[in-house]
Amino acid sequence: MQIDVITTREALNGLKQNWDDLYEKDPEAQFFLSWTFLSSYVRRYEGGWSVLAARPGPKGTPYVALLPLRLRTRLNKKTGFCHNEINMAGNYAADYAGIVCAPGFAERAIPALAGHLLKMNWAKLHLENLRMSDKRRRLLLDNLVDKRLTAQRMQRVNKTDNVDNCICPAVALPENWDSYLEQNTSSNTRQKIRRFLRKLDSSDEFRITHADASTIDRDIGIILEMWRIKWAPRKGNLIPGLMRSNRILFKDAFESGTLFLPILWQADKPLGGLAFLVDPVKKAVLFHLAGRDETANDIPSGLVLHGYCIRRAIEQGFRSYDFLRGNEAYKYSYGVEETAIHCFLVKTRTGRNLGDRLDPRSVGSVLEQATKFHEAGNLTNAENGYRQILEVNPRHSRTLYGLGQLLAAKGDHWSAADTFATLVEIAPQSLKAWSRLAIEYQALSRHAEAAHAFRKVLELNPDLPGAQYGLGRSLAQLRQMDEAAKVLSAVQDKADKPVDPVLRAKARVQLQKLKEEANPCYIRLEPSNARSPILEQAGA
């Protein structure tokens, strides 16, 4: 069994037919593992998602199992060190997660997927919301046993209302509406549903609309605003992000034809709405979010909407009405059965990544953090971040430049010079790299190498007076007086281009030193009213 790692949008798109075939055949597959859902959702974190794909033969053989994942990079602000965490790809939007697997291949494919996970670089593996058979779950967890790791089962009970989010109620729908009412509901609930649906069906005052292309934005806005009003006191600062995330989710689902969003109205006033994700392959409707006007009491909007939607689902041939995570009491009035999902945290004993190195895909985010530390003057944390990157990619040019700057600022000119020397091998056309290398060599009094580096700078840009000055200084130290004087005179005499007055003055001082060394008969006189030394010939 071979494992390929899918990381590009092009490869993911090319996987669609294989994925759809697996999804249809896999009895454990559910909507949040569908290509339709995941290919859309992972756009939110391009560069961070991957799919581990198991094939039983050579390249080109159809895959028999797929494990969608998401990479995250976490920072220790005290040390500047980063580690990686892996989540299931749909987490934070998907209520369920797992593996898509062809029947008959789990015993071979799932251990192979687990084995590949152990070769990756991570410190925490979040196996959240696993909706898998005991057999598949054991195949995964048993093959993640490793002396470097610990594993623990996580509880997901909301302490505020004691809701267990690892319990998922759903209704197995019969073939007709009357059978559902008789088999799944109490006499009291059955009577209420029938009475209020008759009122809805015969009323000119109450109606239910379904979001379409002309109303989708309005209807999403209605349901999310009702939801916000209810949950804002409890969720606080999380509300804007959750609103934004759900809006994107609903729009994507609408575009793919997998959103059902009914709104209950009283005349022109919306009373409530439900948002469903619809799985035409598995014949399931998944209740995702509700919003209702808490001040309206003329009709029980939740009961009416769920009754209406269950009846419609049965009429359209759906087999499951899924309330997703959470054992809230109201769900049980609809005749649900419970399914348990499982959450596990697998982590390294050291808190550092397996292999003690970053996942290469996290280099960009680690560099961003290291740069922030550097700019804030926190050189220790910045250096830790830079060096973590170079362990993964020793020739990462931006990191080499940042580390070289940092080492120079610390006064470690030997290490800074080595760093910039590596950088100019990688980026021989980099003006900044050659300039930095030349400055570090000069600080170390390695003037032959400094002169060579300054000449490289001037090859790339002949009109840099700073490089000319630096070259002149090193040439003077190498006792190449004529060439040094020529280069320094070019800095002092530039009339056609602006030159920093301080740099021009430095060049003049260096020229004066050269003249003094070349002709001992010259002495330096500095009149009290002059800012710069003046050379006078003795006896003149």
Side-chain angles (χ1 to χ4, degrees), residues 1-43 45-71 84 86-90 94 96-122 125 127 130-133 135-146 148-149 281-282 346 353-355 357-363 392-393 395:
M1 190 69 63
Q2 303 297 312
I3 304 297
D4 295 333
V5 184
I6 309 299
T7 59
T8 67
R9 173 62 54 177
E10 181 182 7
L12 182 63
N13 290 340
L15 196 57
K16 182 180 186 305
Q17 186 60 56
N18 189 171
W19 195 317
D20 286 346
D21 289 343
L22 279 179
Y23 185 77
E24 184 175 0
K25 294 173 183 175
D26 183 4
E28 296 190 28
Q30 39 74 26
F31 179 78
F32 297 111
L33 284 175
S34 67
W35 187 91
T36 299
F37 171 76
L38 284 171
S39 66
S40 172
Y41 184 66
V42 298
R43 287 203 305 265
Y45 46 92
E46 289 291 359
W49 62 266
S50 63
V51 179
L52 303 189
R55 53 180 166 82
K59 282 190 177 297
T61 303
Y63 295 113
V64 296
L66 303 169
L67 173 56
L69 302 171
R70 176 185 181 181
L71 178 76
N84 294 116
I86 293 179
N87 291 80
M88 309 303 278
Y96 306 144
I99 297 171
V100 187
C101 187
F105 282 93
E107 291 85 351
R108 293 172 58 199
I110 294 178
L113 293 169
H116 189 88
L117 282 169
L118 293 176
K119 297 176 184 177
M120 297 170 65
N121 306 115
W122 49 268
L125 173 62
L127 300 172
L130 295 181
R131 182 162 182 160
M132 304 168 71
S133 63
K135 175 183 176 180
R136 287 193 184 181
R137 191 169 66 253
R138 291 263 57 91
L139 283 170
L140 179 62
L141 293 172
D142 288 351
N143 285 281
L144 288 172
V145 174
D146 188 289
R148 300 169 296 173
L149 304 173
V281 177
K282 300 299 181 179
V346 183
N353 279 4
L354 290 175
R357 56 194 290 140
L358 293 171
D359 186 294
R361 290 173 295 163
S362 64
V363 163
V392 178
N393 183 357
R395 295 172 67 83

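Sequence positions, counted from 1, serve as the residue numbers for this chain.
A search for side-chain contact (heavy atoms from CB on, under 4.5 Å) contacts involving Glu24 returns Val281, not counting sequence neighbours. With sequence neighbours excluded, the residues that form a side-chain hydrogen bond (donor to acceptor under 3.5 Å, both in side chains) with Asp4 are Arg55, Tyr63. Considering only residues two or more places apart in sequence or on other chains, Gln17 meets the side-chain hydrogen bond (donor to acceptor under 3.5 Å, both in side chains) condition with Asp21. Shown here are the side-chain hydrogen bond (donor to acceptor under 3.5 Å, both in side chains) partners of Arg361, two or more places apart in sequence or in another chain: Asp359. By the salt bridge (charged side-chain N to carboxylate O under 4.0 Å, His left out) test, Arg138 pairs with Asp142, sequence neighbours left out. In terms of the side-chain contact (heavy atoms from CB on, under 4.5 Å) criterion, residue partners of Glu10 (sequence neighbours excluded) are, by chain and number, Thr8. For the salt bridge (charged side-chain N to carboxylate O under 4.0 Å, His left out) test, residues two or more places apart in sequence or in another chain that qualify with Arg148 are Asp146. Considering only residues two or more places apart in sequence or on other chains, Thr36 meets the side-chain hydrogen bond (donor to acceptor under 3.5 Å, both in side chains) condition with none of them. Qualifying side-chain contact (heavy atoms from CB on, under 4.5 Å) partners for Asp20, counting only residues two or more places apart in sequence or in other chains: Lys16, Trp35.
Between Leu127 and Arg137 there is no side-chain heavy-atom pair separated by less than 4.5 Å. Residues Leu67 and Val51 have side chains not in contact (no heavy-atom distance under 4.5 Å, counting atoms from C-beta outward). Side chains of Leu12 and Trp49 form a contact here, defined as non-hydrogen atoms less than 4.5 Å apart.
With rounding to the nearest 0.5 angstrom, the CG atom of Leu38 is 9.0 Å from the CZ atom of Phe31. Summarising the geometry, atom OH belonging to Tyr96 is positioned 12.5 Å from atom CZ belonging to Phe37; distances are rounded to the nearest 0.5 Å. Annotation: the span from Ile86 atom CD1 to Leu71 atom CG amounts to 6.5 Å, rounded to 0.5 Å. To the nearest 0.5 Å, the span separating CE on Met88 from CZ on Phe32 amounts to 13.5 Å.
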Leu52 vs Val5, side-chain contact (heavy atoms from CB on, under 4.5 Å): CA-CA, chis, key distance, verdict: CA-CA 5 Å; Leu52 303 189; Val5 184; 3.9 Å; yes
Worked verdict on Val42 versus Arg9 for side-chain contact (heavy atoms from CB on, under 4.5 Å): CA-CA 10 Å; Val42 298; Arg9 173 62 54 177; 3.7 Å; yes
Pair Leu33-Glu28, side-chain contact (heavy atoms from CB on, under 4.5 Å): steps then yes or no: CA-CA 10 Å; Leu33 284 175; Glu28 296 190 28; over 6 Å; no
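Smallest separation of non-hydrogen atoms from Val64 and Pro56: CG1-CD, 3.8 Å. When all heavy atoms of Ala53 and Ile6 are compared, the closest pair comes out as CB-CG1, 4.3 Å. The two atoms that bring Tyr45 and Gly90 nearest to each other are OH-N, 4.3 Å, heavy atoms only. Closest heavy-atom contact between Trp19 and Ser34: NE1-C, 3.8 Å.
At least one donor-acceptor pair closer than 3.5 Å links the side chain of Asn393 to the backbone N or O of Arg395.
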Donor-acceptor contacts under 3.5 Å from residues 97-121 side chains, at least two apart:
from	atom 1	to	atom 2	distance (Å)
Glu107	OE2	Lys135	NZ	2.3
Asn121	ND2	Leu354	O	2.8

